[in-house]
Amino acid sequence: MVTRKPEDSRSIALISHGGAGKTSLNETFMFNTGSISRMGKIEDKNTVSDFDSEEQKRGISISTSLSTVPYKGKTLFVLDTPGFADFVGEQRSAMRVADGAVVLVNATAGVEVQTQAVWSFAETFETPAIFFISKLDKEHASFDGVVKDIQENLTDKAVPLFIPIGSETNFKGLVNVLTNKAYTYKGDGSKDFTEGDVPADMTDAVAMARETLVERAVEADDEMMMRYLDGEEIATEELLSVLRKAVCSRAIFPVIPGSTTANIGVMQLMDMVVDYMPSSKDILTRAALKGEELVNIPPDENAPFLGFVFKVMVDPYVGKLSFVKVFSGKLTSDQPVFNVTQGEEERIGSFRFMKGKESVEEKEIILGDIVAIPKLESTIAGDTLGTKGEVRQFRPIQFPKPVYSVAVMPKSRADEDKLGNAITKMLKEDRTLTFSKNPETNDAILSGMGDMHLDIMLSKIKERYKVDLETRTPKVPYRETIKKKASAQGKHKKQSGGRGQYGDVWFELAPLERNSGIEFIDRVVGGAVPKSYIPAAEKGLREAAVRGYLAGYPATDFSCALFDGSYHEVDSSEMAFKIAASLAFKKAFGDAMPVLIEPVMNVEVVVPEDCLGDVMGDFNSRRGRIMGIDSEGKLQIVKAQCPLSEMFRYAIILRSMTSGRGTFSMEFSHYEEVPGDIAKKVIEAAAKDKEEETE
């Protein structure tokens with residue numbers, strides 16, 4: 001390691017919409033510092049950060065990778081995050097530990113939907129940021145247009161510190177508007193540049209940009225602002241000093257143009273990270289919980305060790321790796337570590353400073369370090385690590401809820417035996433993945449952030465754990481209920497020599513409000529049904545209700561009053577009354593106008609304005625109801641309610657409808673009646689399935 005001082009570390013997350021160039025930027029960082037001898041390319045499957053077989057196969061980043069990069073006596077911990085909405089959990093967890101961010105915005109596309117999403121993380125975590133306008137050497141690239149786009153849709157505090165020399169294929173360098181220095185590149189991918197004077201035709205543009213920057217920078221220092229307002233010329237050295245203060249306090253988000261593939265502007269960006277991004281010592285405090293009490297953790301290298309696990313990865317050779325950011329103190333590898341969240345002590349073999357999948361071992365970690373620790377068995381993302389006796393813990397990461405689900409079925413008995421172990425390990429590695437057994441449909445449901453996410457997870461399960469799974473659309477957990485009152489008798493009488501069976505009950509069913517469940521009422525008078533048999537009657541009712549009446553779905557939201565019946569002193573039994581109750585339920589339910597009800601979801605869709613009409617029309621075709629529309633910059637937020645049966649493939653449809661620019665989330669709202677024509681099809685399908693099962 002080049003440096004072991006907390007003030008000399010910089011942790012930055014590279015965040016953007018997919019395809020803006022984060023992985024290429026990370027590659028250029030490493031090339032410019034001599035960490036690698038030549039830059040890899042995504043299409044050649046040889047970049048440092050996209051080392052996973054699934055990433056190389058698909059040509060996209062699917063998980064956050066960590067690169068430890070030495071530069072000018074500092075250590076840069078660079079977190080290269082995925083850009084697609086399916087992997088938003090990886091973006092959020094990286095932003096949780098980064099002290100700064102570089103937000104890449106494609107110069108040809110401007111602010112895209114996922115740019116807005118990742119920027120919201122920077123706002124949530126109050127992260128200082130630099131905007132890097134990438135791909136400025138491409139056709140239709142517009143630096144001024146993208147800066148305006150950022151200011152209108154993300155933040156008006158975005159101010160250019162550098163402006164480009166040339167544009168599109170003529171883009172060859174950039175000018176620092178504060179120092180009036182021009183940097184001209186060859187454009188051949190080398191890091192070499194020539195420093196010189198501002199081109200004559202750019203003098204006015206640089207002067208205007210400088211004035212705007214200075215006006216915003218002096219706002220971070222009251223005394224300097226007064227001097228500036230009094231007309232005093234502020235020295236460049238003073239402005240450079242106050243600029244760091246302004247960036248760290250998020251009063252300014254400096255903007256720089258560049259190209260990662262041509263390696264133009266990247267050296268200046270790296271200098272900005274070193275000069276203006278905060279170290280861990282510059283972060284005043286981090287909040288933690290001590291029981292129910294909220295406490296602050298100061299960035300003190302001499303305080304007790306506290307670290308936060310933000311990511312877990314399974315390496316095929318090393319095994320499980322837990323990625324940890326040190327927020328307080330230091331730790332050596334001969335010390336045990338205590339998982340405060342899980343309440344378990346674990347042994348440490350080494351700390352690994354990562355460079356993609358490669359690593360360098362160290363025996364000590366200090367404040368500001370981001371490292372991987374092998375083989376922490378009980379640890380998952382969101383856990384707090386400390387030393388024995390520690391009770392303070394950081395809040396867990398708030399991962400988004402899954403929006404896309406499939407039912408999974410093992411192809412063989414061997415696959416079924418190995419499935420539990422594989423799923424358990426995958427859930428520890430990916431906290432946006434969930435697995436559950438639906439008791440109403442008996443489906444094993446794997447849920448994630450989209451079809452691409454689940455496709456990749458299924459591929460990993462097959463490749464890594466040798467478990468082959470088939471998938472299908474999950475069954476809808478329909479339910480059945482009634483719309484009016486009805487009464488019926490259920491009588492079970494059987495005589496076959498010796499002791500017989502006799503049970504007799506009268507039920508009155510009545511509808512209840514949604515989510516009321518089943519209410520059983522004992523209205524028997526005069527001992528028509530002995531007290532000892534009433535629990536059996538209730539049990540028979542509830543067991544019959546699970547199997548339903550119309551299509552085998554659970555019956556719910558009704559009351560059942562047991563109001564009469566009869567018994568036999570010798571032949572009556574609990575079993576007889578259970579059977580009688582089942583018969584009474586079926587008769588009464590059938591006479592009480594039974595209907596199917598279906599789960600309805602609250603859905604929130606975020607789309608560009610030009611897609612709004614398509615999204616609204618699509619909801620109408622899905623039996624959805626638009627509940628409201630809000631605006632956020634160029635984005636429209638559609639709030640709707642829609643039946644779950646219409647939403648299983650919505651993640652795919654929305655991506656197609658918006659060219660990948662739309663995102664959505666949903667959660668259960670309520671149950672409501674299924675329209676008659678659709679209910680008829682559901683009932684017929686259930687009857688057909690039952691026939692096939694009995695054949």
Side-chain angles (χ1 to χ4, degrees), residues 51-58 62-63 86-87 89-90 309 311-322 339 341-344 346-347 357 373-383 399 401-477 546-547 552-554 648-649 651 686 689-695:
F51 55 85
D52 185 272
S53 60
E54 291 292 331
E55 292 177 315
Q56 293 174 354
K57 181 168 69 177
R58 298 165 191 272
I62 62 177
S63 65
D86 280 24
F87 313 108
E90 292 280 330
V309 181
K311 174 181 172 65
V312 168
M313 181 182 82
V314 177
D315 184 277
Y317 304 106
V318 181
K320 182 181 175 184
L321 292 173
S322 300
N339 187 321
T341 309
Q342 306 295 339
E344 293 193 19
E346 303 212 54
R347 293 283 174 186
K357 66 179 178 181
I373 305 178
K375 300 176 182 177
L376 297 181
E377 294 305 322
S378 67
T379 300
I380 60 175
D383 284 355
F399 289 104
K401 295 178 181 178
V403 296
Y404 184 77
S405 300
V406 293
V408 297
M409 299 144 291
K411 283 192 174 180
S412 68
R413 181 60 185 269
D415 292 320
E416 187 174 352
D417 293 341
K418 294 183 288 186
L419 177 60
N421 178 57
I423 289 292
T424 298
K425 290 184 176 179
M426 292 300 296
L427 295 179
K428 286 183 178 180
E429 186 176 356
D430 188 341
R431 299 293 304 282
T432 61
L433 200 66
T434 65
F435 183 78
S436 61
K437 191 72 174 280
N438 188 318
E440 295 184 23
T441 63
N442 212 31
D443 278 348
I445 306 292
L446 185 67
S447 302
M449 302 311 299
D451 62 316
M452 185 193 301
H453 181 208
L454 291 192
D455 187 36
I456 289 170
M457 293 305 109
L458 290 166
S459 181
K460 281 187 175 183
I461 289 171
K462 183 176 181 179
E463 182 181 315
R464 192 183 292 171
Y465 303 108
K466 312 304 178 190
V467 179
D468 211 354
L469 298 172
E470 294 180 333
T471 64
R472 60 165 169 76
T473 301
K475 296 175 184 174
V476 178
V546 169
R547 297 186 294 272
Y553 293 102
F648 283 124
R649 294 183 58 81
D689 289 344
K690 192 171 182 180
E691 282 178 17
E692 291 175 355
E693 287 176 8
T694 56
E695 287 178 358

Enter the distance from Glu54:CD to Asp455:CG here, rounded to the nearest 0.5 Å.
-> 7.5 Å
Results of side chain to side chain donor-acceptor pair (under 3.5 Å) for Gln342 - residues two or more places apart only = Asp383
Heavy atoms only: give me the nearest Thr341-Gly382 pair and the separation to one decimal.
-> OG1-O, 4.3 Å
Check the pair Leu376 / Val309 against side-chain contact (heavy atoms from CB on, under 4.5 Å), numbers first and verdict last.
-> CA-CA 11 Å; Leu376 297 181; Val309 181; 5.5 Å; no
side-chain contact (heavy atoms from CB on, under 4.5 Å) against Thr473, all qualifying residues, sequence neighbours excluded | Phe648
Closest non-hydrogen atom pair, Ile461 against Ala422 = CG2-CB, 4.2 Å
Neighbour count >12 (heavy atoms, 6.0 Å) for atom NZ, Lys462 = no
Mind checking the CD1-CE spacing from Ile456 to Met449? Nearest 0.5 Å is all I need.
-> 13.5 Å
In terms of heavy-atom contacts, Val403 and Gly450 come closest through CG2-N, 4.4 Å
Mark yes or no for whether Asp86, through its side chain, and Met452, through its backbone, hold a donor-acceptor pair below 3.5 Å.
-> yes
List the steps, then state whether salt bridge (Lys or Arg N to Asp or Glu O under 4.0 Å) holds for Lys311 with Glu90.
-> CA-CA 8 Å; Lys311 174 181 172 65; Glu90 292 280 330; 3.3 Å; yes
Kindly write out the residues that satisfy side chain to side chain donor-acceptor pair (under 3.5 Å) with Glu344, not counting sequence neighbours, or none if the list is empty.
-> none
Could you pull out all residues at least two apart from Ser436 that satisfy side chain to side chain donor-acceptor pair (under 3.5 Å)?
-> none
Tell me, do Arg649 and Tyr404 make a side-chain contact under 4.5 Å, heavy atoms counted?
-> yes
With side chains defined as the heavy atoms from C-beta onward, is the minimum distance between Glu346 and Ile373 less than 4.5 Å?
-> no
Around atom CZ of Arg413, are there more than 12 heavy atoms of other residues, nucleotides or ligands at under 6.0 Å?
-> no
So among Leu454, Leu469, Asp443, Ile445, which one has a side chain to side chain contact (heavy atoms under 4.5 Å, CB included) with Val406?
-> Leu454
Separation of His453 NE2 from Leu433 CG (nearest 0.5 Å) | 5.0 Å
side-chain contact (heavy atoms from CB on, under 4.5 Å) evaluation trace for Lys401 with Ser447 = CA-CA 9 Å; Lys401 295 178 181 178; Ser447 302; over 6 Å; no
In terms of heavy-atom contacts, Lys57 and Ser459 come closest through NZ-OG, 3.7 Å
Judged by atom type as modelled, is there a donor-acceptor pair below 3.5 Å linking the side chain of Lys418 to the main-chain atoms of Lys466?
-> yes
Nearest-0.5 Å distance, OG of residue Ser53 to CD of residue Glu463 = 4.0 Å
According to the salt bridge (charged side-chain N to carboxylate O under 4.0 Å, His left out) rule, which pairs have a member within residues 422-433, sequence neighbours left out?
-> Glu429-Arg464
Kindly give the heavy-atom pair with the smallest separation between Thr441 and Val476, and that separation in Å.
-> CG2-O, 3.9 Å
Is a side-chain donor-acceptor pair under 3.5 Å present for Asn421 with Thr424?
-> no
Any chance you could measure Ile423, atom CD1, to Met457, atom CE, to the nearest 0.5 Å?
-> 10.5 Å
Please round to the nearest 0.5 Å and tell me the distance separating atom CG of Asn339 and atom CD of Glu377.
-> 12.0 Å
Asp468: side chain to side chain donor-acceptor pair (under 3.5 Å) partners, not counting sequence neighbours = none
So which heavy atom on Leu321 is nearest to which on Pro374, and how close?
-> CD2-CA, 3.8 Å
Would you indicate whether the side-chain heavy atoms of Met426 and Phe435 approach each other to under 4.5 Å?
-> no
Do Asn442 and Lys437 pass the side-chain contact (heavy atoms from CB on, under 4.5 Å) test, and can you show the C-alpha distance, the side-chain angles, and the key distance before you say yes or no?
-> CA-CA 6 Å; Asn442 212 31; Lys437 191 72 174 280; 3.6 Å; yes
Could you tell me whether the side chain of Asp415 and the main chain of Ser412 form a donor-acceptor pair under 3.5 Å?
-> yes
Compare all side-chain heavy atoms of Pro477 with those of Asn438 and state whether any distance is below 4.5 angstrom.
-> yes
